Structures are given as structure tokens and as C-alpha cells.
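In what follows, a single structure is set out as C-alpha cells and then discussed.
None of the values given here were measured: they were computed from a predicted structure.
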Amino acid sequence: MPAIVLLGAQWGDEGKGKATDLLGDRVDYVVRYQGGNNAGHTVVIGDQKYALHLLPSGILSPNVVPVIGNGVVIDPSVLMQEIAGLNERGIDTSKLKISTNAHLITPYHRTIDKVSERFLGNSKIGTTGRGIGPAYADKINRIGIRVQDLFDPSILRQKIEGALRDKNQVLIKVFNRKGIELDEVVEEYLAYAQVLRPYVTDTVLLLDQALKANKNVLLEGSQGTLLDVDHGTYPFVTSSNPTAGGASTGSGIGPTKITRAIGIVKAYTTRVGSGPFPTELFDEDGEALRRIGGEVGVTTGRNRRCGWYDAPIARYAVRVNGLTDFFLTKLDVLTGWEKIPVCVAYDIDGTRVEELPSSQSDFHHAKPIYEYLPGWKEDITGARTLDDLPANARAYVKFLEDISQAPISAIGVGPGRDETISVRDLI
């Protein structure tokens, strides 16, 4: 069976957890392929709300094997807390599989992340301070700690000692901070070995065998397209590749085995952290979107910046990811507006620009050009087909589909698992 990629088409927080959970009963494996605990998914099942940071959303489906792939950076303390929290709520986590090649976040990564961000002052990127960037930097510098290193005490100590040789120099001499104690880190991480051992395996082999056995594999991205380190609004990006290409490298599944890429896109736009955001609102409409949409970061607790739908961004996501479908979320949040603006192009220094500019400077200067669609006042949370939607809501969806250049195959009309309109089958 082919593999399917599910990813964010904006700046993250689009509702990927809801989409993954919706498909969870129809897939056999859900694979997290990048990122760390710098992002979160919220899944609502009945009257229960689950906030996931490292674990794949599929862990809430009893018949799914959840997999943390090699492209993820793992903070073991956070992972243990998350597993324990789900177990306490009666969720079985025993099927979890973790790649031997996934890299680990350590205390020195978290410390360097926080002090570096503070050192930047007004130029700060908006990092979560959880050590994700420094862990990826060590991975690229070939001094990272991998999951498999936990099971060889001598190798673990040797690698941590080598890393701290440089890190402590930076902490002490550049940032005037206390150095990190080698023995404390080694002791803490050796303790994780026995706890994690039952979950650790060769996930590349596991997933290849699953596909050969005609199993459905869903690849779940974290963050969003515009936060991709190569294709996002650099430098205000994450440290990995949430885009579809990252699904192959972060899971070990070859690109020829991926046949569908589904982009999750909100009916409006949000982002967390610094960086350009052409449709951002600073008025009552922006505050209303934040309040009605519950736009607070699952992981950070920070208020999300809110703005209207940005079609050039959606079209860019289609191009970069080869999107075959959109899953439109939070359409219900727009209920009550008399007119709903949609950004169809940008004004950049007096010139109309239809697509996302490749120049960072141009994008910083981009001003939205809006078209206005009539709104609706009817409650749509009970809608289960397109015909159940008010005419203006249907027209809004059709307009977004046409201007974004990919079919909208599912529509979220509320936070609940069942509050979704299925337009076309996603599997």
C-alpha cells in the first residue's frame, strides 16, 4: 500500500491532530517524521481533550502503531511524562515504536537555546526554548546523541563529554553562565535507557515491512510549510523539514512509495513567534479570531497571531509539497462575520504580486490585497455534508478551493472528532 503524508500548509497549528485522529481508524501506522516537543496537537474525543507534543496523534487509536521516526529530536523527560500521562488516562501506549536513529535533546541544548534567544534581544526568532534548534545543529555537526547511544554507557559518556567540551566554553565565556556537569547528564540519560528500551527498534525496516504487507502508513508532520528550514520564512522557521520531502528523510520511506500529500489549512491564518505575516490583524477582528478559535499554542501557551486566509501561501504549499488535497479546518470560527476578507495577492511597493515572493525583503513589505465574500450567521457545527452548510459558507469553501489550486476534500466544522464534513475520501 502507498504511504500518505499529512502536513501543515501554513505556519503550523492548522489542526493536524484532528485530521490524523480522523484517519486513525483507517490506517495501521502513524509516523511522526520531524520536529520535537516544540509543537503540539490537540485532539478532542467526546468530552476528553488530549494535548500531544512528541507522540504521534495515532496513539489515541487502539488499532494503530504509533512511530517516532529518525527525523525527530526527542527530549526523553518530556516523552516519559507524555507516556505516563496517557497511561493514567487509560490510553495504551505499549505499541509505540521509536527509531534507534532519532536524536536526543539534552539539558545543554535547552540551556543554550534559552540563553541564545535572550542574547538576540529584539532580533530574536521566537524559539520555544526547548532545545530543538541546538539538537538539530549538533546532528548536522555530527556530535549529536542518538537513541541507540543510550544502550552503550561508554559511547554515551564519550559523546556527551565531547559535546560539553565546547558547550561549556560557550556557556561560561560567552553567556557568563554556569557550565553543565558531565556526570549529571550521563546519569540522567542512562536512567532513560531501560525505560525506553521496549519501544526502540529499526523503524525503517518496520515501515518497509508494513508497506509490503499492504498496511496503510500515515506520515504526520509537525509545524507547517512556512516554518520549513529550507522553504519557510527564514530565519523565522523551525530547524527541520515539515514539508513533504522531509517525510521521506525523516521516516526512511522512499519518495516513490508516497502517493498522496494532504495539506491542513485553516479557514483563516495564524502563526506563533516572530516573522512576516501579511494578513495579520491588530484590531477587533484579530482578537475575535483568537478568542473564538481558542488560538493559544498547545506547547508554548503563547497567544497566536491571527489574520485572514492567505491564498498565495496556500498555493505555495501546493507547489512545495505536491499537495493532492486540502483539509480545511475551523470553518465554524468564521460564523458571524458579515463579510470575510480573503487575501488573493500582495501589493509590494505598488506592484501587484500574485505569488509568494522569493525575496525575504519583498515578503516583509507585502501588503494583502483582499476580496470580500459574504459571511453567514447560522451554526454550522452540526453540518456533515456540503449541502448542510449555508449557501455563503459553501461559496466561501468553493472560493478557497479554486484560488488555492487543490481540492478541499474535508472540512472541520468544530473541534470534535465527528465534527467534520468528508467531501472526498482521503484514503
Side-chain angles (χ1 to χ4, degrees), residues 6 8-11 13-19 21-23 42-44 224 262-270 278-281 283-295 304 306-315 317-318 323-345 368-426:
L6 191 72
Q10 295 160 313
W11 275 287
D13 305 310
E14 301 95 346
K16 295 180 289 293
K18 175 183 172 67
D21 185 62
L22 179 71
L23 298 173
T42 299
V43 179
V44 180
I262 304 167
I264 314 303
V265 63
K266 271 181 186 165
Y268 49 101
T269 310
T270 63
T279 68
E280 184 173 10
L281 297 169
D283 56 11
E284 293 180 359
D285 283 337
E287 183 55 41
L289 287 174
R290 185 179 298 110
R291 174 175 46 82
I292 299 168
E295 297 298 350
R304 295 176 186 141
C306 296
W308 299 118
Y309 189 89
D310 190 319
I313 282 177
R315 290 196 294 271
V318 171
L323 295 182
T324 57
D325 306 82
F326 276 121
F327 189 135
L328 183 70
T329 61
K330 292 199 168 184
L331 182 64
D332 54 300
V333 173
L334 297 182
T335 298
W337 268 271
E338 184 176 344
K339 290 184 177 180
I340 304 173
V342 175
C343 174
V344 296
I369 297 174
Y370 288 118
E371 289 191 24
Y372 295 83
L373 280 74
W376 61 92
K377 297 188 182 298
E378 300 91 333
D379 180 4
I380 66 170
T381 56
R384 296 297 178 267
T385 69
L386 277 176
D387 290 339
D388 293 336
L389 290 175
N392 287 349
R394 290 198 305 274
Y396 183 78
V397 172
K398 183 65 166 64
F399 184 83
L400 297 192
E401 182 175 69
D402 290 344
I403 201 168
S404 302
Q405 300 179 354
I408 293 175
S409 298
I411 305 165
V413 293
R417 173 186 271 187
D418 61 334
E419 292 177 323
T420 304
I421 295 172
S422 179
V423 182
R424 301 174 187 84
D425 196 5
L426 288 172

Original post:
Is a donor on one side and an acceptor on the other found under 3.5 Å between the side chain of R394 and the backbone of L389?
Top reply: yes

**OP:** For the pair Y396 (side chain) and A267 (backbone), establish whether a donor and an acceptor sit closer than 3.5 Å, ignoring hydrogens and angles.
**Re:** yes

**OP:** For the pair D325 and R424, find out whether any cationic side-chain nitrogen is under 4.0 Å from an anionic carboxylate oxygen.
**Re:** no

Original post:
Side chain of Q10, backbone of K266: donor and acceptor closer than 3.5 Å?
Top reply: yes

Subject >> Side-chain H-bond candidate by donor/acceptor type, T381 with D379, under 3.5 Å >> reply: yes

Original post:
What is the minimum heavy-atom distance between L289 and G307, and which atoms define it?
Top reply: CD1-O, 3.9 Å

Original post:
Can a donor-acceptor pair be found between the side chains of W376 and T335 at a distance below 3.5 Å?
Top reply: yes

Original post:
For R304, does its backbone N or O pair with a side-chain atom of E295 as donor and acceptor, under 3.5 Å?
Top reply: no

Original post:
Ignoring hydrogens and geometry, is there a side-chain-to-backbone donor-acceptor pair from N392 to A395 under 3.5 Å?
Top reply: no

Original post:
Will you find, in the side chains of W308 and D285, an N or O donor that is under 3.5 Å from an N or O acceptor?
Top reply: no

**OP:** Look at the side chain of D402 and the backbone N and O of F399, then say whether any donor-acceptor pair between them is shorter than 3.5 Å.
**Re:** no

Original post:
With respect to D310, which candidate in P278, P368, S404 satisfies the side-chain contact (heavy atoms from CB on, under 4.5 Å) definition?
Top reply: P278

